[in-house]
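Below, read A as the first sequence line, B as the second, and so on, with proteins coming before strands; counting in each chain starts at 1.
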Amino acid sequence: MKPPRDLRVVYQETMHELLGQNPDIVLLEADLSSAITTNKIDARFSNRIINCGIQEANMMGVAAGLNVSGLKPYVHSFAPFVSRRAYDQVFLSIGYAKRDVFILGSDGGISTEHNGGTHMSFEDIALMRAIPGSTVLEMSDDIMFEHILKQSLSFKGLTYVRIKRRGMKRLYPEDATFEIGKGNVIKDGCDATIIATGIMLEEVLNAHEQLKAHGIDAAIIDMFSIKPIDKSLLFQYAEKTGLIITAENHNLVGGLFSAVTEALSPHKIAIIDGIGVKESFGQVGLTPYLKETYHLTAEAIVKKVLSYKNH
Amino acid sequence: MKLEHFANDIRLTTLEMLKHKTFGHLGGSMSIVETLSVLYGKHMRVDPQNPTDPLRDYFVLSKGHAGPALYATLALKGFFDKSLLKTLNDDNTTLPSNCDMNITKGIDMTTGSLGQGFSAAVGIAKGLQIQNKNNHVYVIVGDGELNEGQCYEAMMFAVKHKLHNLTVFIDDNKLQLDGFRTDISDTADFKQRFNAFGFHTQTINGHDVHAIDSAINEAKNTKGKPTVIILDTIKGKGIKAFENRADNHHMRFSDHDNTILEETIKALKEGQS
Ligand SMILES: Cc1ncc(C[n+]2csc(CCOP(=O)(O)OP(=O)(O)O)c2C)c(N)n1
Ligand SMILES: [Mg+2]
């Protein structure tokens with residue numbers, strides 16, 4: 001088994017490979033190339049790796065134009081800068097104009113740690129979901145990210161992918177497969193269903209163990225494809241367990257909780273609740289502190305589940 | 001205190017803070033030390049006991065990641081206790097990586113998303129103009145930061161509104177995050193560009209406190225237009241082994257780096273007033 005790789009290394013190595021295979025691919029950066037390590041890609045591709053400088057809004061417009069000219073742009077910056085900072089350009093020049101552009105937002109939510117409030121995006125998923133026709137994904141590990149990147153040439157329209165650059169644990173076997181619009185059942189269970197993405201899966205797996213001690217057998221779903229969302233899987237587990245709890249490193253407004261609630265609400269077949277960031281801005285700190293502060297912990301998940309199960 | 005000595009102390013205090021934290025934005029903090037020394041040591045009307053004094057001059061660090069140098073300056077001026085500097089970037093700190101007006105005494109604007117501080121400074125200057133106040137507004141913008149289109153909107157606005165109460169410093173340290181600015185993004189001449197927009201434009205050695213002092217005097221005496229002072233600076237200035245290196249933007253100090261820092265700190269202590 002290959003040792004787990006940082007997701008930024010997966011981006012570097014996979015895009016390197018894809019650049020060699022497909023002459024239409026162009027990478028765009030906004031002075032954070034060294035942060036995602038695309039600066040290490042072979043110099044023979046340098047004419048298709050454009051470091052725009054610190055100009056996220058212009059970069060999105062340029063990406064749209066590159067796609068009009070027939071190329072396939074992959075755009076990267078930190079999550080708040082590709083979303084909040086350049087939103088109207090993403091919305092109109094890419095979304096509304098129906099351009100095929102892959103946008104990578106790194107270190108969303110608390111993962112930005114020491115860069116603090118200005119760099120902490122609890123809204124990127126909400127913003128990207130609100131664009132008609134968009135695809136919105138959050139990566140759980142290196143295996144998934146490589147798999148998705150290798151499929152991505154066929155993606156149509158705007159695709160937003162959120163990753164944590166460093167330190168993601170391996171979750172999947174090397175031969176795992178992933179399909180846009182399909183959730184992955186990590187653990188089956190019949191008493192409750194916990195749905196999460198990205199760094200929250202680690203907390204959910206912890207919560208699962210703690211719930212066992214309370215006699216609760218919880219299912220876990222990795223809903224990495226937040227949009228489109230896997231409605232049939234949601235229905236199946238809503239009916240089977242009657243209780244759906246979501247967990248996200250994002251504002252409860254507009255993210256995973258919203259997506260799940262929107263999908264299930266007409267059917268009223270389960271209780272739905274979620275943990276996530278509530279009415280807060282970001283701040284500096286290390287992940288354990290930030291998880292505590294924003295209640296993004298296994299304990300918070302357990303408490304939430306028990307609040308519906310302990311009657 | 002002599003401005004050179006104040007600069008020496010700001011550099012020393014900033015390095016001690018970063019060394020204690022073991023990582024941080026070293027390069028861009030070092031390149032603005034002399035400017036902070038002249039602003040806070042001589043020109044700016046500020047009251048450390050009353051940080052939001054309506055009579056104060058305003059300062060916006062638009063390149064908000066250089067917070068450490070500003071925190072050192074504010075602590076030395078007495079805005080808060082020096083012991084607080086040891087909490088830089090800690091969990092629940094009041095001294096985050098990027099400047100935050102709501103949690104740090106003496107910070108006039110929250111910054112960190114590059115380009116935005118420039119517009120906010122222009123807004124403060126316009127607000128003071130409307131209220132017929134004569135406080136001055138100073139803003140430091142990075143040379144890489146000037147990639148952001150928003151900066152050019154701010155410039156246009158400042159000139160149109162004849163904001164002579166605004167002085168813009170460009171920390172032209174020639175480097176941005178990924179490397180040298182002229183390799184990455186921008187090869188144009190700042191002086192010509194700002195002249196074309198209608199600024200009063202000066203270019204000086206950004207590590208010469210006397211040159212900075214007289215440039216500010218000239219800015220204050222300029223009427224009918226904003227001034228830009230282009231600071232020719234060195235990213236990482238003051239730590240010879242780190243100066244001008246493309247990797248000095250944000251450093252995690254190795255054992256070797258720590259030895260270099262210790263030597264520099266020792267030398268700066270000897271140079272103390
Ligand atoms: C909008 C935005 N995009 C990207 C960043 C990440 N970033 C922080 S500092 C920096 C480089 C800044 O270069 P410069 O303005 O020259 O600053 P200095 O050299 O003085 O450190 C970048 C890209 C940011 N803070 N804000
Ligand atoms: Mg610079």
Qualifying residue for side-chain hydrogen bond (donor to acceptor under 3.5 Å, both in side chains) with Q12(A), from D6(A), N39(A), T37(A)
T37(A)
Where on N115(A) is there a heavy atom nearer than 4.5 Å to chain B: the side chain, the backbone, both, or neither?
both
Cationic tip of K291(A) above Y294(A) ring, under 6.0 Å, 45° of axis:
no
Heavy-atom distances under 4.5 Å only: say whether F81(A) touches chain B with side chain, backbone, both or neither.
side chain
Under 4.5 Å from any heavy atom of chain A, what part of E145(B) do you find: side chain, backbone, both or neither?
backbone
Top contributor to chain A interface from D183(B), D247(B), N92(B) [non-hydrogen pairs under 4.5 Å]:
N92(B)
NZ/NE/NH1/NH2 to OD/OE distance under 4.0 Å, D124(A) and R162(A):
yes
Quick one: what part of L32(A) sits under 4.5 Å from any heavy atom of chain B, side chain, backbone, both or neither?
both
I'd like to know which of G24(B), G64(B), G115(B), S97(B) tops the heavy-atom pair count under 4.5 Å against chain A.
S97(B)
Would you check if there is a donor-acceptor pair between the side chains of D107(A) and T112(A) at a distance under 3.5 Å?
no
Measure distances from S113(B) to the heavy atoms of chain A and classify the residue's part below 4.5 Å as side chain, backbone, both or neither.
both
Would you please test Y160(A) and F102(A) for ring pair (Phe, Tyr, Trp, His ring centres under 6.0 Å) and show each step?
CA-CA 6 Å; Y160(A) 177 60; F102(A) 185 101; 9.2 Å; no
Among I54(A), V284(A), L290(A), T118(A), residue most engaged with chain B (heavy-atom pairs, under 4.5 Å):
I54(A)
Atom group of H65(B) that falls short of 4.5 Å from chain A, counting heavy atoms:
neither
Above 12 or not: heavy atoms from other molecules or residues under 6.0 Å from OH of Y152(B)?
yes
Partner of D172(B) under salt bridge (Lys or Arg N to Asp or Glu O under 4.0 Å), chosen from R193(B), R181(B), K63(B):
R181(B)
Would a line drawn from the ring center of Y40(B) to the ring center of F59(B) be shorter than 6.0 Å?
yes
Where on N89(B) is there a heavy atom nearer than 4.5 Å to chain A: the side chain, the backbone, both, or neither?
both
Is the ring pair Y11(A)/H76(A) parallel, tilted or perpendicular, if the boundaries are 30 and 60 degrees?
tilted
Using heavy-atom distances under 4.5 Å, tell me whether E29(A) contacts chain B through its side chain, its backbone, both, or neither.
neither
By a 4.5 Å heavy-atom criterion (distance strictly below it), what part of N58(A) contacts chain B: side chain, backbone, both, or neither?
neither
Side chain, backbone, both or neither: which part of H114(A) has a heavy atom under 4.5 Å from chain B?
both
